[in-house]
Amino acid sequence: MQIDFNKKYNPSEFEDVIYNMWLSNNCFKANVKTSKMPYTIAMPPPNVTGKLHMGHALDETLQDIIIRFKKMQGFETLWVPGVDHAAIATEAKLVEQLRVEGLTKEEVGKEEFLKRAFKWKDEYEGNIVNQLRKLGVSCDWSRKRFTMDEGCKEAVLEYFIRLYKDGLIYRGERLINWCYTCKTSISDIEVDFKEKDGCFYYIKYKLEGSQDFLQVATTRPETLFGDVAVAVHPEDERYRSYIGKFLVVPILNRKIPIIADSYVDRDFGSGVVKITPGHDFNDFEVGLRHNLKPIKLFDEDGNLNEFCGKFKGMPRAKARKEVANELENVGLLIKSVPIKHNVGHCYRCGAVVEPFLSLQWFVKMEALKEPALEAAKAGQVEFVPKRFEKIYFNWMENVKDWCISRQLWWGHGIPAYYCSNCGHINVAKSMPSCCEKCSCKELTKDEDTLDTWFSAALWPFAILGWPNENNEYYKKFYPTTTLVTGYDIIFFWVSRMIFSGLYNTKNVPFKKVFIHGLVRDEQGRKMSKSLGNGVDPLDIIKRYGADALRFTLASGVNAGNDMRYSEKKVLASRNFANKLYNAARFIFMQVNEFDGNFSPDFSKILLLNKEKLYIEDRWILYKLNELIKEVSRNIECFDISVAADKLYDFIWNVFCDWYIELFKIKKVNNFIAKNYLCGADEDRYFNAENGCFNSEYVKMRAQQSFNIIFYALDVVLKILHPFMPFITQEIYFKLYGSNRFILNYGWPAPNDEFNFEAEYRLFEGVIKIVKAVRNFRAQNNIQNKLNLNIYLTSDVFNSGFINSCRHFIEKLGGCHILGSSLDGDVSGCKRVITDVAVIDVVLDNVVNKDEEIKKLQNQKQYLLGEIKIFRQKLSNTNFKNKAPKAVVEAAVRKLESKEAELKTVEASLKSLL
RNA sequence: GAGAGCAUAGCUCAGCUGGUUAGAGUGCUUGCUCGACAUGCAAGAGGUCGCUGGUUCGAGUCCAGCUGUUCUCACCA
């Protein structure tokens, strides 16, 4: 074993090197032929629109933790990476790129446009892959996929055609949400509603052949050209006599009927609603009920058309003002009132989205949603945390038909071929030779593409070879085990994978959905480009290392809640890594000094049989067992941050702060604690002449001690590995050489032999004494250099035990134990009372009696408070009868110990007074 | 309008199925360079757990209401 540790932890020196070693040794490659239990994760494919942000870093870190954990547990893990073509988002970027060059997509043509698109995709995919690798993700790169690759294309065609044959896809002219900027339809959930300032226009609609009028209010006066009726509530007394009569549309003077429909809210506005089925979802429904045909007023760019009289050709925003002006000029505008109302915006480009009448493809949701609801209710798909299930149910129960066609070029084509002769729609994987109905050979392909989410919905099985159900990966690794994603994507993606998976594969696409929140900035704001508060994970990795970033994200994530990112947290994680790094460095230095050829052998921990283990070794072995159990359980339940916190606490506050310090003392004592009571069988190693153990025995003890400290380090490295894969691997290499990959060396199991709970408790008492002495020193401003002389008395520990631990107490507390208070003169001492021992400190300066009394009185007050609480508890028969036995027993123990402590305090007080 | 989350130390957050007069990180105060680590060590101060009721032997934890805050869904013309 050699020491080539730098003093400082410098992750950039080894992270890339290690990742490449993992790759060249195929550490992440799944074996499809194995008999091991599969554990599969389909990576949510990042969009090829840009680089990864903190949200991705969180998502990938969580998946990597789970995959590495499961792999170490012995599962055959498969984590499939990939990227999403992100139709609308990427197309928007490409169009913008063209605009900068002074071009439009129509000018360059579809072929050239797609060429650019694929080039774009290659470039961004490369960036994303590079970023993922920097993060340390252990996905199987040989299975990397793209949502528009051949396999996904095949899956999309299969799905579309199956749905079509089952009558679950239809094409029809409906009102859809139209983005005039992206120039495409978008689905309901792609519309974001934001509160905006608007204006409510009150308009006179005159009765036919009369000066009488009804007052109609609207926020969009430019749509009055599309009015086909005016509606009132059937039971509204004010307007009952008007029903069936006719009004004239202002400006156009077109005649429209007054109809009755219970959709109208009598109490809102004037209780009179203009019905414009071509431009409003509710009006469209009213139109259907009353057999009123919609009128479409705008073209695809949002300019008014021939139905709008002299306003033809005007953009709709401008038309709104112009129409209002015109109404005012002709005396038909009663008033305009500013209001705040919710306006739909495109979730991609942010432009105002309005209902638009057009011919589109839809998926009928009625039949698909039932199995999807059932699967979740039956627990086949389990949401973690569970509350997201409610959100899913609520959405799924109210889902409307899904508009899947997009007027974009970048995406999966719609496999529909229209016959120019009979108009029949031929749906097939490729262009049929002729129309299946009339055999006409003139067919034209549908020019639209599919919603990105239509292909994304197939991701978990398309990546495993579906629709080829004989694919060995599909057979071995489907259904996937866990999906890890943010709550913002439940409707878009999770729900659609569930119903699509059930429909296509007759199986759920994943058994568990682990939902996490968003990564926000330090002030709790969403990270966004416009705010400029985004943090680049790569930049952080460069400065602090991937492990530090990963650990920060892992310890911040909690049960579906958002987390706040701050660089301070990364700094703390980096310091943690440094701490571990230096602990390992220290251990190597020690072992090298001892025996450069030493190699740990954990089977020899009980080398000198169990009874000869030192107390601190039993203490750490017990704590290690507990740590393994708890961390395993926490990761299993996706309590990632809880596991991370425990690891942090153990490594820093237990292993480094105590065990390593204890080890140093042990080493100084040449691995034989001088005061340690040895059994009779050790006598043979003892040389009475020089009062030492012989070298053979000392060496055995040393080996045992090294085995234990290496065992502790080994366990800690393994269970920390999923969180901080690089540093743990780096230390593991140094420990065992450069061909041992920690990932392949199994998740540690608790050792039943290390059942040292009693010793653990005893040693916690020793720690308490050390802390009390240190505290005394600090409180009394005593220099560290000065060794304190103390008397130590304990009812809890017998003198033999105290004696066996005195070297720890003396070294760590910076004191010298003169003996027990019972046999020393403690009259001039300052006394510290703990629940395990009484410490009398000999001081040269005169004890300030008043101060001492005050201190003891404070302690007395505190103890009285505690005792009162427990006495009350225990005198309550209900408590004794109803509380669990263990709780009652604990209370009894606590009361006893506090009462004993009080007694000592009172006695001390008495002697002072 | 409907629903959900959150409210605990100055800040960021833990606290699992109710059970030791509330914990961590960070910040703050004090003292430390004794060879793993100043990216460090030791000690300390800091909280009537948003408010009001209720259930219980016992509530930060469960229930109800209220206040504040964030989010999701629906959208009324």
Side-chain angles (χ1 to χ4, degrees), chain A residues 5 7-9 189 193 200 216-220 223 231 263-265 267-270 272-276 280-283 341-342 344 385 387-388 390-391 394-395 398 487-488 490-491 517-518 522 524 544 548 555-556 558-566 568-569 571-590 633-634 637 639 641-642 645 648-649 653 656-657 660-661 664 771 774-779 781-785 812 814 862 865-870 872-873 876-884 886-888 890-891 893-895 898:
Chain A
F5 267 88
K7 196 168 177 181
K8 284 191 177 178
Y9 162 68
I189 50 175
F193 282 91
F200 221 2
V216 175
T218 180
T219 53
R220 293 189 291 158
T223 64
Y263 149 69
V264 179
D265 179 352
D267 302 323
F268 189 86
S270 59
V272 183
V273 187
K274 70 195 220 26
I275 301 299
T276 320
D280 183 279
F281 289 106
N282 288 308
D283 292 5
H341 63 150
N342 284 329
R387 65 187 151 91
F388 288 103
K390 265 187 264 179
I391 294 171
N394 187 36
W395 184 79
N398 299 305
Y487 61 69
D488 51 329
I490 293 176
F491 306 141
L518 272 37
E522 215 162 345
Y544 300 100
S555 50
N558 182 56
N561 291 342
D562 293 350
M563 63 175 285
R564 289 192 198 199
Y565 168 87
S566 87
K568 281 182 189 164
K569 294 180 183 174
L571 193 71
S573 301
R574 195 276 315 265
N575 293 352
F576 172 55
N578 182 62
K579 186 74 184 175
L580 174 67
Y581 187 84
N582 273 290
R585 177 166 162 258
F586 169 77
I587 294 170
F588 286 13
M589 283 167 69
Q590 299 307 307
R633 192 169 56 233
N634 292 144
C637 302
D639 286 330
S641 67
V642 178
D645 286 351
Y648 184 97
D649 180 59
N653 304 326
C656 292
D657 287 353
I660 286 184
E661 294 307 315
K664 287 178 186 170
K771 284 190 169 179
R774 285 173 174 173
N775 174 259
F776 178 88
R777 177 190 301 281
Q779 293 299 307
N781 286 322
I782 298 167
Q783 286 188 318
N784 287 7
K785 289 171 193 161
L812 297 176
Y862 176 84
E866 265 199 319
I867 288 167
K868 193 177 159 196
I869 287 168
F870 284 90
Q872 270 174 2
K873 264 193 179 184
N876 185 337
T877 46
N878 276 323
F879 172 71
K880 276 188 169 169
N881 296 338
K882 293 185 182 177
V887 174
V888 178
R893 272 205 304 276
K894 173 97 178 185
L895 181 61
K898 290 293 150 188

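Here is the naming used below: chain letters follow the sequence lines, and residue numbers restart at 1 for every chain. Heavy atoms only: backbone and side chains are in, while hydrogens, waters and symmetry mates are out. In this text the structure is predicted, and so the values were computed from the model without any measurement.
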Would you check if the side chain of [X] reaches a backbone N or O of [Y] as a donor-acceptor pair within less than 3.5 Å?
X: A:Asn578; Y: A:Tyr9; value: yes
X: A:Asp283; Y: A:Thr276; value: yes
X: A:Arg774; Y: A:Leu812; value: yes

Over all strands shown, is [X] touching base, sugar-phosphate only, or nothing at heavy-atom distances under 4.0 angstrom?
X: A:Asn558; answer: sugar-phosphate
X: A:Ser641; answer: nothing
X: A:Asp280; answer: sugar-phosphate
X: A:Gly269; answer: nothing
X: A:Lys771; answer: sugar-phosphate

Inter-nucleotide [atom1] distance ([N], [M]), Å rounded:
N: B:G27; M: B:G47; atom1: C1'; answer: 16 Å
N: B:A24; M: B:U70; atom1: P; answer: 31 Å
N: B:G5; M: B:U21; atom1: C1'; answer: 31 Å
N: B:A2; M: B:C13; atom1: P; answer: 29 Å
N: B:U30; M: B:A36; atom1: C1'; answer: 25 Å
N: B:C34; M: B:G40; atom1: C1'; answer: 13 Å
N: B:U20; M: B:U61; atom1: P; answer: 14 Å
N: B:C37; M: B:C32; atom1: C1'; answer: 15 Å

Nearest heavy-atom pair of [X] and [Y]: which atoms, and what distance?
X: A:Gly556; Y: A:Ser641; answer: N-CB, 4.5 Å
X: A:Lys569; Y: A:Arg564; answer: NZ-O, 2.7 Å
X: A:Lys880; Y: A:Val888; answer: O-CG2, 4.2 Å
X: A:Arg777; Y: A:Gly814; answer: NH2-O, 2.6 Å
X: A:Asn561; Y: A:Arg387; answer: OD1-NH2, 2.9 Å

Whole angstrom value for the distance that separates [atom2] of [N] from [atom1] of [X]:
X: A:His341; N: B:A77; atom1: NE2; atom2: C1'; value: 11 Å
X: A:Tyr648; N: B:C13; atom1: OH; atom2: C1'; value: 14 Å
X: A:Asn781; N: B:G44; atom1: CG; atom2: P; value: 13 Å
X: A:Asn653; N: B:C41; atom1: CG; atom2: C1'; value: 12 Å
X: A:Asp645; N: B:A14; atom1: CG; atom2: P; value: 10 Å

- In chain order, what residues pass the ring-ring contact (aromatic ring centres under 6.0 Å, His included) check against A:Tyr565, with sequence neighbours excluded?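 A:Tyr565: no ring-ring contact (aromatic ring centres under 6.0 Å, His included) contacts found.
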Of all residues at least two apart in sequence or in a different chain, which pass the salt bridge (charged side-chain N to carboxylate O under 4.0 Å, His left out) check with [X]?
X: A:Lys579; result: none
X: A:Lys664; result: A:Glu661
X: A:Asp645; result: none

Between the protein and nucleotides 32-34 of chain B, list every N/O to N/O distance that falls short of 3.5 Å.
| unit_1 | atom_1 | unit_2 | atom_2 | d |
| --- | --- | --- | --- | --- |
| B:C32 | O2' | A:Asn784 | ND2 | 3.3 |

- Query: Under a 4.5 Å cut-off applied to non-hydrogen side-chain atoms, are A:Asp562 and A:Tyr487 in contact?
  - Reply: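 Yes, at least one pair of side-chain atoms sits under 4.5 Å.
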- Query: So do the side chains of A:Phe268 and A:Val273 get within less than 4.5 Å of each other, counting heavy atoms only?
  - Reply: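 No; the side chains remain at least 4.5 Å from each other.
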- Message: One character per nucleotide, please: for nucleotides 68-75 of chain B, 5' to 3', B when the base has a protein heavy atom closer than 4.0 Å, S when only the sugar-phosphate does, - otherwise.
- Response: ----SSBB
- Using side chain to side chain contact (heavy atoms under 4.5 Å, CB included) as the criterion, list what pairs up with A:Lys882, not counting sequence neighbours.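 Only A:Asn878 meet the side chain to side chain contact (heavy atoms under 4.5 Å, CB included) criterion with A:Lys882.
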Under 3.5 Å, which protein N or O atoms sit close to an N or O of nucleotides 35-40 of chain B? Give each pair with its distance.
| unit_1 | atom_1 | unit_2 | atom_2 | d |
| --- | --- | --- | --- | --- |
| B:A36 | OP1 | A:Lys664 | NZ | 3.0 |
| B:A36 | O3' | A:Arg585 | NH1 | 3.3 |
| B:A36 | O2' | A:Asn582 | OD1 | 2.6 |
| B:A36 | O2' | A:Arg585 | NH1 | 2.3 |
| B:A36 | N7 | A:Lys664 | NZ | 3.3 |
| B:A36 | N6 | A:Cys656 | O | 3.4 |
| B:A36 | N6 | A:Glu661 | OE2 | 3.3 |
| B:A36 | N3 | A:Asn582 | O | 3.1 |
| B:A36 | N3 | A:Ala583 | N | 3.2 |
| B:C37 | OP1 | A:Lys7 | NZ | 3.2 |
| B:C37 | O4' | A:Asn582 | OD1 | 3.1 |
| B:C37 | O4' | A:Asn582 | ND2 | 3.4 |
| B:C37 | O2' | A:Asn578 | ND2 | 2.8 |
| B:C37 | O2 | A:Lys579 | NZ | 2.8 |
| B:C37 | N3 | A:Lys579 | NZ | 2.8 |
| B:U39 | O4' | A:Asn575 | OD1 | 3.0 |
| B:U39 | O2' | A:Asn578 | ND2 | 2.6 |
| B:U39 | O2 | A:Arg574 | NE | 2.9 |
| B:G40 | OP1 | A:Asn575 | ND2 | 3.2 |
| B:G40 | O3' | A:Lys579 | NZ | 3.1 |

Within the sub-3.5 Å range, which N or O atoms of nucleotides 5-10 of chain B have a protein N or O partner, and how far apart are they?
| unit_1 | atom_1 | unit_2 | atom_2 | d |
| --- | --- | --- | --- | --- |
| B:G5 | O2' | A:Asn561 | OD1 | 3.4 |

- Query: Of A:Asn878 and A:Gly865, whose nearest nucleotide on RNA chain B comes first from the 5' end?
  - Reply: A:Gly865
- Item | All side chain to side chain donor-acceptor pair (under 3.5 Å) counterparts of A:Asp265, not counting sequence neighbours | none
- Message: Under 3.5 Å for both pairing distances: what stems, at least three Watson-Crick or G-U pairs long, include RNA chain B?
- Response: B:1-7 with B:67-73, B:10-13 with B:23-26, B:28-32 with B:40-44, B:50-54 with B:62-66
Could I get a table of every N or O pair under 3.5 Å where one atom is in the protein and the other is in nucleotides 17-20 of chain B?
| unit_1 | atom_1 | unit_2 | atom_2 | d |
| --- | --- | --- | --- | --- |
| B:U20 | O2' | A:Lys894 | NZ | 2.6 |
| B:U20 | O2 | A:Lys894 | NZ | 3.2 |

- Item | A:Ile869 side, atom CD1; A:Leu895 side, atom CG - distance, nearest 0.5 Å |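 These two atoms lie 11.5 Å from each other.
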